[in-house]
Amino acid sequence: MQLLHIGTYFTSEQAGATALAVGSELEDDAVRALYAYPTDLDRPWIRSNFVASIDGSVTANGASAGLGTPADGRLFAILRELCDAVLVGAGTARAENYGGASPSAEEMERRVAGGLAPIPTIVVVTASGSIDADSRLLTDAEVKPVIVTSASADGSKNAALRAAGATVIEVSGESVATSDILATLTDLGFQRILCEGGPGLLGQLVFDGAVDDLCLTISPKLVAGDAGRIAHSDDASDTPMQRAHVLGDEDGTLLTRWIRPS
Ligand SMILES: NC(=O)c1ccc[n+]([C@@H]2O[C@H](COP(=O)([O-])OP(=O)(O)OC[C@H]3O[C@@H](n4cnc5c(N)ncnc54)[C@H](OP(=O)(O)O)[C@@H]3O)[C@@H](O)[C@H]2O)c1
């Protein structure tokens with residue numbers, strides 16, 4: 001994986017990233033430096049990570065895994081290593097059969113050395129509460145998930161999720177407002193957030209101006225089909241972003257990072 005471009009804005013201020021020259025081959029430490037969260041956070045920083053095909057699809061053969069490349073997989077693991085919490089919509093958790101995060105022993109060591117809990121918490125947003133208490137989210141998770149749900153969720157489902165070990169937080173309204181997501185993350189003490197989608201949740205966060213940082217992998221494929229793009233919402237919005245850096249891998253994968261100017 002090679003550094004193709006580094007912005008003078010933001011990334012150059014991050015520890016370690018200043019020493020990197022365009023064209024450098026990147027070891028994992030250098031990649032971590034390029035994706036470091038700001039060090040002076042006083043609120044949740046919403047980073048989102050997505051992979052899309054060249055023609056803008058978020059899935060190939062029905063799953064994002066169909067777009068995966070070695071560089072994207074490497075970045076996926078590094079981004080999880082750097083975060084307090086993985087924020088995800090229930091649609092993605094169901095479609096991708098999410099379990100808990102399971103970092104390696106080395107990753108946990110680095111996390112703890114960096115002031116993080118050994119394992120990031122998965123935070124799932126759902127209006128309906130339709131998450132099976134015997135799904136991998138609950139059964140294959142050393143750290144049990146936080147489920148943020150709405151007043152319209154079925155109370156018996158919430159009770160079953162609590163009995164299976166989840167922390168269930170109910171907010172008012174038919175769905176979970178962005179302000180409630182941010183307040184919940186703040187209350188839980190999570191600031192370094194990694195939103196892994198999906199397009200419904202990201203669309204809401206984009207529309208509400210809540211995305212600080214977007215990591216977008218372009219997978220070197222054309223797939224056509226009828227899959228959607230990385231964010232959708234009822235109404236359009238316009239958030240200018242600044243390019244932080246572009247990495248490239250020899251198979252054609254492009255890894256881009258975009259920051260919302262403060
Ligand atoms: N390419 C990629 O990087 C990538 C990343 C993620 C997902 N994907 C793909 O995207 C597809 C899923 O798309 P999607 O739009 O359905 O994903 P999504 O945003 O994860 O799921 C939508 C569902 O999540 C819950 N949800 C999201 N935001 C909510 C809110 N603010 N309040 C309450 N509930 C909320 C609702 O669940 P309930 O129905 O339970 O109320 C809603 O029906 C899958 O095919 C997945 O593979 C691709």
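Excluded from the calculations below are hydrogen atoms, water molecules and symmetry mates; all remaining heavy atoms, backbone and side chain alike, are included. Counting starts at 1 for both ligands and their atoms, in listed order. The shown structure was predicted, so the numbers you read here are calculated from the model rather than taken from an experiment.
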Quick one, [X] and [Y] - any side-chain contact, counting heavy atoms below 4.5 Å?
| X | Y | value |
| --- | --- | --- |
| Pro199 | Ile230 | no |
| Arg243 | Arg257 | no |
| Val123 | Pro145 | no |
| Ile218 | Thr253 | no |

Under 3.5 Å between any N/O of [X] and any N/O of ligand 1: does that happen in this structure?
| X | answer |
| --- | --- |
| Ile181 | no |
| Ser175 | no |
| Phe50 | no |
| Ala63 | no |
| Val51 | yes |
| Thr126 | yes |
| Ala95 | no |

Show which atoms of ligand 1 fall inside a sub-4.0 Å distance from at least one heavy-atom site of [X].
| X | answer |
| --- | --- |
| Gly89 | 20 (O), 24 (O) |
| Thr59 | 9 (C), 45 (O), 47 (O) |
| Gly200 | 15 (O), 19 (O) |
| His232 | 15 (O) |
| Glu196 | 5 (C), 6 (C) |
| Ser64 | 1 (N), 2 (C), 4 (C), 47 (O), 48 (C) |

Going by atom types only, do [X] and [Y] share a side-chain donor-acceptor pair under 3.5 Å?
| X | Y | result |
| --- | --- | --- |
| Ser233 | Gln204 | no |
| Thr92 | Glu196 | no |
| Trp258 | Asp213 | no |

How far is [atom] from its nearest protein heavy atom, and which residue and atom name does that atom have?
| atom | value |
| --- | --- |
| atom 31 (N) of ligand 1 | Gln204 OE1, 2.6 Å |
| atom 16 (O) of ligand 1 | Gly91 CA, 4.1 Å |
| atom 36 (C) of ligand 1 | Ala127 N, 4.2 Å |
| atom 39 (O) of ligand 1 | Arg94 NH2, 3.0 Å |
| atom 12 (C) of ligand 1 | Thr92 OG1, 3.9 Å |
| atom 28 (N) of ligand 1 | Leu201 CD1, 3.7 Å |
| atom 29 (C) of ligand 1 | Val125 CG1, 3.6 Å |
| atom 18 (P) of ligand 1 | Gly198 N, 3.5 Å |

Practice task
Taking Arg229 for its side chain and Gly56 for its backbone only, find out whether a donor-acceptor pair lies under 3.5 Å.
Solution key: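 Looks like no, no N/O pair under 3.5 Å.
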Practice task
List the steps, then state whether side chain to side chain contact (heavy atoms under 4.5 Å, CB included) holds for Leu194 with Arg80.
Solution key: CA-CA 7 Å; Leu194 174 62; Arg80 279 195 166 197; 3.9 Å; yes
Handout entry: Any Pro199 heavy atom less than 4.0 Å to ligand 1
Key =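 In this structure, Pro199 qualifies as a contact of ligand 1 - some heavy atom is under 4.0 Å.
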Handout entry: side chain to side chain contact (heavy atoms under 4.5 Å, CB included) evaluation trace for Cys215 with Thr217
Key = CA-CA 7 Å; Cys215 304; Thr217 297; over 6 Å; no
Problem - Heavy atom of protein inside 4.0 Å of atom 5 (C) of ligand 1, strictly below - result: yes
Exercise for the section: Would you check if the distance from the ring center of Tyr35 to the ring center of His245 is below 6.0 Å? Expected result: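 Centroid distance Tyr35-His245: below 6.0 Å, so yes.
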Exercise for the section: Report yes or no: is the cationic atom of Arg47 (NZ for Lys, CZ for Arg) closer than 6.0 Å to the six-membered ring centre of Tyr37, at no more than 45° off its axis? Expected result: yes
Practice task
Check whether Val88 and Phe50 end up in the same hydrophobic cluster, where Ile, Leu, Val, Met, Phe, Trp and Tyr are linked by side-chain heavy atoms less than 4.5 Å apart.
Solution key: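 No, it is not one cluster - the side chains of Val88 and Phe50 are not joined through contacts under 4.5 Å.
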Handout entry: Single-linkage hydrophobic cluster Leu75~Leu3, side-chain heavy atoms < 4.5 angstrom
Key =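 Leu75 clusters together with Leu3.
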